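Keep in mind that what you see is a predicted model, and the values were worked out from it rather than measured. Whatever order the structure lists them in is the order used to number ligands and atoms, beginning at 1. Throughout, numbering of the chain's residues begins at 1 and tracks the sequence.
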Amino acid sequence: MPVPTSPRPLGRHHPALPLTALALLLTTACSAVSDAASDADPTAAPPLPAPQKEDGATGTGDGNGADDDRRPEDAPAVGGPLDGRVVVIDPGHNGGNAEAPDEINARVPAGPGEKSCDTVGSQTADGYAEHEFNWELSLLVRDRLEADGATVVLTRDDDESVGPCIDERARIGNEVDADAAVSIHADGGPESGRGFHVITPGEVPDFTDDIVEPSRLLAEDLRREYRDGTGMPYADYLADEGLDVRTDLGGLNMSDVPKVFLEAGNLRNPRDAALLGDPAWQEGAADAIARGLAVYLLRG
Ligand SMILES: [Zn+2]
């Protein structure tokens, strides 16, 4: 399925995502998005939050009452276009997993069944580990979202520990009642295969019923902005034009908030690996991921 183009003036090497500028461009972006989203109102541009003066900001929640006490207390009163929005960024795997097989192989709830707590993850041919890539990119995305007012919760505190398990990663998003959650990974596919894909939850009765549709919208926004912002092609060895619907991932099945996985590229492919390991490319990728999240969050 062809996807609409996105506003390109926000260049891939821009050091910080100017979401105020993005908001000005969203009328164009989201009217195009609506073509692909059958249940979206095709005439409605997303209601853009009014810019807030820092002096007037009172913290998290932005006046939404009942849910405010479930949100993190220490959110800075930034006053940007994402003020009051809560995003969970989940850097896949962790640096200590390889040395903790008992913990990592323990069975945990993953929906109707159980799966291993976590896995070690992939790596490039020269040893650049997926957990490190996931961590570095997640921090860059966090910085951009926080700069524009969002409250960002990471599912782990460093890149040396073990876990958390996949069900705990989902629970973290549920506990803060996140508006969106993204699990950041890079694949360990066949060496000949290139490209990225976004994984979105399929129907799992009594588990994903409430998140399938919003997660699909999040997946589409993230897919479009990531492709356009990074030049990374859709994966050519799996998924369907960069989208994969799965019902076997505990991190999605256990989530009660809209959530997707980004497989940012294939670490086993030399061309992808060169990009994924390039700090300048990572900056642009973080811009694109933050932009995809912002488009989704500002849908209204
Ligand atoms: Zn992974």
Side-chain angles (χ1 to χ4, degrees), residues 88-101 103-108 110-111 115-142 154-173 181-191 193-202 215 218-219 222-223 226 230 232 234-235 237-239 242-255 259-269 272-273 275-277 281-282 285-286 289 292:
V88 166
I89 303 293
D90 173 34
H93 316 285
N94 204 336
N97 286 9
E99 283 79 49
E103 287 178 70
I104 292 307
N105 292 329
R107 306 295 283 179
V108 299
K115 291 186 80 169
S116 297
C117 161
D118 203 354
T119 54
V120 172
S122 182
Q123 64 177 12
T124 64
D126 61 0
Y128 180 44
E130 182 197 343
H131 63 77
E132 183 179 353
F133 168 80
N134 298 339
W135 177 246
E136 291 171 341
L137 186 56
S138 293
L139 296 182
L140 295 174
V141 175
R142 177 197 64 183
L154 295 174
T155 58
R156 54 180 167 103
D157 298 326
D158 55 53
D159 193 38
E160 291 85 40
S161 305
V162 178
C165 298
I166 54 176
D167 58 327
E168 171 68 8
R169 291 172 188 261
R171 192 176 66 79
I172 290 168
V182 176
S183 191
I184 292 181
H185 289 252
D187 206 8
E191 186 177 332
R194 280 207 68 195
F196 81 98
H197 65 287
V198 179
I199 304 171
T200 190
S215 299
L218 172 59
L222 185 60
R223 175 183 65 165
Y226 188 79
T230 65
M232 182 70 79
Y234 295 151
Y237 60 96
L238 80 175
L243 275 187
D244 195 14
V245 179
R246 289 179 61 171
T247 58
D248 63 317
L249 293 177
L252 296 181
N253 291 347
M254 301 303 288
S255 180
K259 184 174 180 181
V260 299
F261 277 44
L262 171 66
E263 294 282 358
N266 179 13
L267 285 170
R268 305 303 297 173
N269 176 276
D272 280 11
L275 294 175
L276 295 165
W281 184 90
Q282 290 180 3
I289 295 166

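Ion pair Arg169/Asp118 flagged as a salt bridge, since at least one NZ, NE, NH1 or NH2 atom sits closer than 4.0 Å to an Asp/Glu carboxylate oxygen.
The Zn ion (ligand 1) has no N, O or S atom of Asp187 closer than 2.8 Å. The nearest N, O or S atom of His93 is closer to the Zn ion (ligand 1) than 2.8 Å.
Atom ND1 is the N/O/S atom of His185 found closest to the Zn ion (ligand 1). The Zn ion (ligand 1) is closest to atom OE2 of Glu130 (considering only N, O or S atoms).
The number of heavy atoms from other shown groups lying within 6.0 Å of CG (Asp126) is above 12.
No side-chain donor-acceptor contact under 3.5 Å links Asn97 and His131.
Considering every non-hydrogen atom in both Pro91 and Thr155, the closest pair reads CD-OG1, 3.3 Å.
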